[in-house]
Amino acid sequence: MSDKKAPQPPESEVTPEPLYRRRREFIKNVGLFAGTAAAVGGGLYLLAPKRGKSPEPPPPEAAGKAGPAEPPAAQASAAGNPAGPYDTTEEQTPYEDVTSYNNFYEFGLDKSDPARNAHTLQTRPWSVVVDGEVHKPQTVDIDQLKAWFTPEQRIYRMRCVEAWSMVIPWLGIPLGEVLKRVEPTSRAKYVAFTTLVNPEQMPGQKRQVLDWPYVEGLRLDEALHPLTLLATGLYGRELPPQNGAPLRLVVPWKYGFKGIKSIVRITLTERQPPTTWNLAAANEYGFYANVNPAVDHPRWSQATERRIGEFRRRPTLPFNGYAEQVASLYAGLDLRENY
Ligand code: MTE
């Protein structure tokens, strides 16, 4: 890891996202807002060298290449009607923000890089291997997977470890349904996920900023929980590449970095698998990564968050507001130690 540098808050977090695109709306608040963000020091990490880049959104042509255009209003609102027991009725983050303020280091370190660069990702054909401690291992084409399990909508809060959050209407398949189909053996205790490795399509992999491929993991009971989703779309549309097309994990009670993108392999294991951010900085990012306002990141508080599009910070809720559904999974576990 010769050119790995010490984790630093990225400069993109110092100029918060709503200002990128709503500069005119928010112009009065610029000084105050930037000051707040700098004080929070929120930033996963890393190493973004000062590039003197203008923090503007990608031009419309580039955004068009990277993903579908903004959906027609009717479609977006139809996609957004809360219907299921797990849906939040909180205001949804605009499509434009969900698809242009991203963390996807395979395409660059700035929040605006993935929307600009991820058009190089070829999401068809795409197959996903499901193997390991299962009786019926499978290699399944993404369209076959979507035909087996019709994607359903889930409107979830997403809380990034950097202390910003969004509300996103995902389309997805409950991971538990997929796992049941391959029949886990009695030895299966964890599920390991792997992102594609292809430096030609994912130019960020030419730099050793993280150990590639990006890997993540869940305990089997977390993976089987009905909230846990393999997302294939958002706002009623195909998942744009910058959001992790064609298949990404969504675990709404955990910090966003657990939501591994562009998955090519799902392996059931006996032992706890390694996870990318834990490998990069074990004292900052644990395996569990449950949203917990009582346990601060070593470099910033987790007590509050900035909902994208809002000015005032709001309190962060234990398990990101999903405690009723998931707290029992952690009965008897010290959540301070198992961060
Ligand atoms: N998956 C891969 N393969 N590479 C990444 O850099 N970033 C993670 C996660 N999944 C990341 C990834 C982080 S830090 C976050 S917060 C979420 O994706 C961001 O998802 P979004 O861009 O759709 O908001």
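Read the numbers this way: they start at 1 and go in the same order the structure lists the ligands and their atoms. Excluded from the calculations below are hydrogen atoms, water molecules and symmetry mates; all remaining heavy atoms, backbone and side chain alike, are included.
- One option in Arg159, Gln205, Lys261, Arg248 has a heavy atom closer to atom 1 (N) of ligand 1 than any other, and that option is Lys261.
- The main-chain N or O of Arg219 is found under 3.5 Å from a side-chain atom of Glu222 such that the two form a donor-acceptor pair.
- Side-chain N/O atoms of Tyr330 and Trp253 include a donor and acceptor closer than 3.5 Å.
- Considering His297, Lys111, Arg306 as possible partners of Glu162, the one that fulfils the side chain to side chain donor-acceptor pair (under 3.5 Å) test is Lys111.
- With a heavy-atom cut-off of 4.0 Å, Thr195 touches ligand 1 through its side chain alone.
- Where the criterion is an N or O separation shorter than 3.5 Å, residue side chain and backbone included, Trp164 fails it with respect to ligand 1.
- On a distance-only criterion, Val98 and ligand 1 share no N/O pair closer than 3.5 Å.
- Heavy-atom distances between Ser262 and ligand 1 stay at or above 4.0 Å for every pair.
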Salt bridge (Lys or Arg N to Asp or Glu O under 4.0 Å) evaluation trace for Arg313 with Glu305: CA-CA 5 Å; Arg313 299 184 73 81; Glu305 66 200 57; over 6 Å; no

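- Contact annotation: Gly244 has no heavy atom less than 4.0 Å from any atom of ligand 1.
- Distances below 4.0 Å separate heavy atoms of Cys160 from the following atoms of ligand 1: 16 (S).
- Residue Tyr214 touches ligand 1 through its side chain alone, judged by heavy-atom distances below 4.0 Å.
- When hydrophobic residues (I, L, V, M, F, W, Y) are linked wherever their side-chain heavy atoms come within less than 4.5 Å, the members clustered with Tyr339 are Val295.
- Atom CD of Gln272 is surrounded by more than 12 heavy atoms from other residues, nucleotides or ligands within 6.0 Å.
- Atom OH of Tyr255 is separated from atom OH of Tyr285 by 11.0 Å, given to the nearest 0.5 angstrom.
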Side chain to side chain contact (heavy atoms under 4.5 Å, CB included) assessment of Glu270 paired with Tyr190: CA-CA 6 Å; Glu270 226 177 323; Tyr190 294 90; over 6 Å; no

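- Of the heavy atoms in Met166, none comes closer than 4.0 Å to ligand 1.
- Put simply, no part of Glu216 is less than 4.0 Å from ligand 1, judged by heavy atoms.
- For Glu162, no heavy-atom contact with ligand 1 is shorter than 4.0 Å.
- In terms of polar-atom proximity, Asn243 is counted as a contact of ligand 1, with an N or O under 3.5 Å from an N or O of the ligand.
- Asp131 is linked by a side chain to side chain donor-acceptor pair (under 3.5 Å) to Arg265, Thr267, counting only residues two or more places apart in sequence or in another chain.
- Contacts with ligand 1 closer than 4.0 Å are made by no heavy atom of Lys258, backbone or side chain.
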